[in-house]
Participant: 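Let me begin by handing over the structure; questions about it come next.
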Amino acid sequence: MPELPEVETVRRGLQDRVVGRRIETVEVGRERTVRRTSPRALIDGLTGTTVTAVDRRGKYLVATLDSGDAVMVHLRMSGQLLLADPTAPRPPHTHVVMHLSPDGDGAADLLFVDPRTFGEVVVFDPDHAAAEVPELARLGLDPLADPFTVADLWALVHPRRTRIKMLLLDQHLIAGVGNIYSDEILHRARIHPDRAADTLTRPAVRRLHQEILDVLGAAVRRRGSTLGDGQYVDLMGGSGSYQLEHLVYGRAGERCGTCGRGIIRRGVAGGRSYHWCPVCQRA
DNA sequence: AAACAAACCTGTGCGC
DNA sequence: TGCGCACAGGTTTGTT
């Protein structure tokens, strides 16, 4: 579900509403959510600590605690972090509850909700990050959080024969782009998703670079994309609106709004569906 | 190196 | 109404 813009929106919510607050009590309702360690490890690692910072790398959230530990949260397909009234009924599939110290608006619970249970929450020691959360070290460049130049993109694209759609989804190369945004980026850059990466011209890579930054930037300003199922919401339960800007994702069979002539097509690669306009995006 | 399938789960929407 | 199937924003692992 959530890609870079959605995770960044959640991060900003945590920065505004959770940094500086103490985690007073912790409940774990589903062991699978803390499968890397254990319910005990999460409870002991969080209880009594104060969140001092929240960072994002690709689709990973990493919060720093005043204990010296850190917390990694990955929402995967269906995870949500929600700030909730402690007296309100908890949503179905609430797997972790962190009761926070009061701020100006009183006490609150930070909930980790995740129907499909692919998501994960883990406390780790930053000094042993390479051993405890090795995937963080394997992430590629984050287009918004890191310097990310056309030369950087060229260096990733030029030596690879894989289809450009698959390259954009590879978190070891570029961190944060997922299925929705890769479709939108390629459409706006006028590049066919099946195009072999090493056949892209320098002007095409320049357009691709520009659209990676523009699409992700615009989507962050729109607070992400909330699709029809309403699964993605921000910390306060609010929807994003970038879905209103989608030009191809989820629009198979519709006339292309960019050229007014093509009919959006749908393909499957690596088990994921992708969408493009055969007129705007030539093979 | 690249492509694919399967695995991890639950929910929803669709055709019949 | 109910059943069965396809499909969903992610990532890892193992096989061709």
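Throughout, protein chains are lettered first and strands after them, A, B, ... in sequence-line order, and every chain is numbered starting at 1.
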Participant: May I have all residue pairs that pass salt bridge (charged side-chain N to carboxylate O under 4.0 Å, His left out) and include part of residues 145-155 of chain A, sequence neighbours excluded?
Facilitator: A:R57-A:D146

Participant: Would A:K59 and A:E3 pass as an ion pair if we require N to O under 4.0 Å?
Facilitator: no

Participant: Taking the side chain of A:R266 as its heavy atoms from C-beta onward, which of C:dT11, B:dA2, C:dA8 lies nearest to it?
Facilitator: C:dA8

Participant: Where does DNA chain C pair, written as one dot-bracket string 5' to 3', with Watson-Crick or G-U pairs under 3.5 Å, ( ) inside the strand, [ ] for crossing pairs and | for another strand?
Facilitator: .|||||||.|||||||

Participant: Which parts of nucleotides 4-11 of chain B does protein reach within less than 4.0 Å, heavy atoms only, written one letter per nucleotide 5' to 3' as B for base, S for sugar-phosphate only and - for none?
Facilitator: S---BBBS

Participant: Just to be sure I understand the rule, does A:L169 reach a base, reach only the sugar-phosphate, or reach nothing, if contact means heavy atoms closer than 4.0 Å?
Facilitator: nothing

Participant: Determine, for A:R17 against A:D105, whether the closest basic-nitrogen to carboxylate-oxygen distance falls under 4.0 angstrom.
Facilitator: yes

Participant: Determine the interatomic distance between P on B:dC4 and the same-named atom on C:dC7; round to the nearest Å.
Facilitator: 16 Å

Participant: Which atoms of nucleotides 14-16 of chain B (N or O only) lie under 3.5 Å from a protein N or O atom, and what are those distances?
Facilitator:
none

Participant: Please state the P separation for the pair B:dC9 and C:dT13 - nearest whole angstrom.
Facilitator: 15 Å

Participant: Taking atom types as modelled, is there a side-chain donor on A:R21 or A:S101 under 3.5 Å from an acceptor on the other?
Facilitator: no

Participant: Check whether the side chains of A:D183 and A:H275 place a donor and an acceptor atom closer than 3.5 Å, and report yes or no.
Facilitator: yes

Participant: Within residues 9-18 of chain A, which residues have any heavy atom lying less than 4.0 Å from an atom of DNA chain B?
Facilitator: none

Participant: Where along residues 239-253 of chain A does a heavy atom fall under 4.0 Å from DNA chain B?
Facilitator: none

Participant: How would you label the contact of A:S225 with the nucleic acid (heavy atoms, under 4.0 Å): base, sugar-phosphate, or nothing?
Facilitator: base

